[in-house]
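Counting starts at 1 for both ligands and their atoms, in listed order.
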Amino acid sequence: MKANWSIIVHGGAGTWAQEAHAAAVAGVTRAVAEASQLLAAGGSAADAVCAAACILEDDPTFNSGTGSSPNIDGLCEMDACLMLGHELRAGGIANVQRVRNPILVARKVLEETDHALLAGEGANRFARALGFEDYDPTTPASRALYAERIALLRTEGEAWMPRHRALVDKYPALFRGTIGAVALDRHGHLAAATSTGGVLLRLAGRVGDVPIPGAGTYATASGAASATGRGEYCIRTLTTKSVCDRIAAGMSAADAARATLDEVNRLAGPDTGMIVADLAGRVAAVHATEAMPHAFATSEDPSPTASMVAR
Ligand code: GLY
C-alpha cells in the first residue's frame, strides 16, 4: 500500500462574478475536506471523488446537480461521468433529468451495467429503476435566470448558437462551469469524476464533453483528469485523454496539464480548464479562463488549499 493520497476538485472554469467568489471557494474547500478524510482513512479514490462531486452537486453555487443550467426548453439535462484508472472503466450518463446527484447514477452505470454511457430517456429510466428519487434540480435563481435570458434571446432572433460567445461575454453567469474531482488513494488507484448542468440555453439533446471518456473525464493507471469549459472544445481535442497520455509518457501532472491546455487553446479555443492528478501524488490545476475555483489536499499537506485562480 502506498502512503500517498491526493485530491483536487474544481467548480468550473469561466468568468465568476466577484460576489460569487466566497461561496465558490467555500464550496470547493468543503468538498476537498470531506474527500481528504476518506482518503486519509484508506478509502478509495472512487469514494473520494464521488463524495466531493456530491457536495459540489448539492451546492447551487455550481452548475451541476442542484442549480444546473436549463437548456433552451427550460429543462435541466445533466451529464456526469466516473472513471477508475486502475481498471480503465468508465460509467457516464448524458442528458439525465430530475435526479439529485447525477454522479451517483453514473457510478451505477459503471458498477452495474455492461455499458459506458447511458443517455436521455434511457438514463432517466435507469435512474428510477435503481431507486433514484424524482428531484427537481432547478432553483428560484436558475429559473429566474432562464426566464430572463430566454426572453432576451427571443427578442434578438433565432441565430442562437453563433451568438452564444457574445452572449456569454456580456452575461458571464450564463457560462458557469462544470464541477470535477480527481484523486489518488493509498492503494495507488486514481479516479476522476465530472458532473455538469451544461451550457445555459443549449439545444435540447446536446451532449457535452463531461460524460465522454477522454473528453471531459479520464483516468488511467498513471493519471486522472477532469476538464471544464466549452465542452465542444474538449470533445474535439480529447482533452483529458491527452493529459493522461502525456503523464503515461513520463510528464508530471503540472507539465502535462500545461502542455495540454496550450494544445487545446491552439487547436480549438481559450475556454478550457482542468484538474489533474498523477501516481506520484502530484496535483495540478490550469485554466485559460479568468477564473476556476479549485481546491486540493495531499497526504503531505492535508489542509485544503483553495483559490479562484490557478497560479
Ligand atoms: N463542459 C461542460 C459542457 O460543455 O457541457
* **Distance (rounded to the nearest 0.5 Å) between Q97 CD and D134 CG** =>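 Rounded to the nearest 0.5 Å, the CD-CG separation comes to 10.5 Å.
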* For atom 1 (N) of ligand 1, which candidate among G197, G208, G229 provides the closest heavy atom? ->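 Nearest heavy atom to atom 1 (N) of ligand 1 lies in G229.
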* Asked: Is the closest N or O pair between T228 and ligand 1 shorter than 3.5 Å?
  ->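 In fact, backbone or side chain, T228 has no N or O that close.
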* Where does D209 meet ligand 1, judged by heavy-atom distances below 4.0 Å: at the side chain, the backbone, both, or neither? ->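 For D209, the contact with ligand 1 is made by the side chain alone.
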* Where does R206 meet ligand 1, judged by heavy-atom distances below 4.0 Å: at the side chain, the backbone, both, or neither? ->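 Side chain only; the backbone of R206 stays clear of ligand 1.
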* Asked: Which atoms from ligand 1 have a heavy atom of T178 less than 4.0 Å away?
  ->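 Selected atoms, number and element: 1 (N), 2 (C).
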* **Atom indices of ligand 1, in the order listed, that fall short of 4.0 Å to a heavy atom of G198** =>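 Counting from 1, the qualifying ligand atoms are 5 (O).
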* To do: Report the relative orientation of the aromatic rings in H287 and H294; use parallel for angles under 30°, tilted for 30 to 60°, perpendicular for over 60°.
  =>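 Correct class here is tilted.
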* Min side-chain heavy-atom separation C81-Y218 under 4.5 Å ->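 Of all side-chain heavy-atom pairs linking Y218 with C81, none is under 4.5 Å.
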* Quick one: are L56 and S195 in side-chain contact, heavy atoms under 4.5 Å? ->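 Side chain of L56 against side chain of S195, heavy atoms only: no contact under 4.5 Å found.
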* Does the distance from a Lys or Arg side-chain N to an Asp or Glu carboxylate O, for E232 and R206, drop under 4.0 Å? ->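 Here E232 pairs with R206 in a salt bridge, since their nearest N and O are under 4.0 Å apart.
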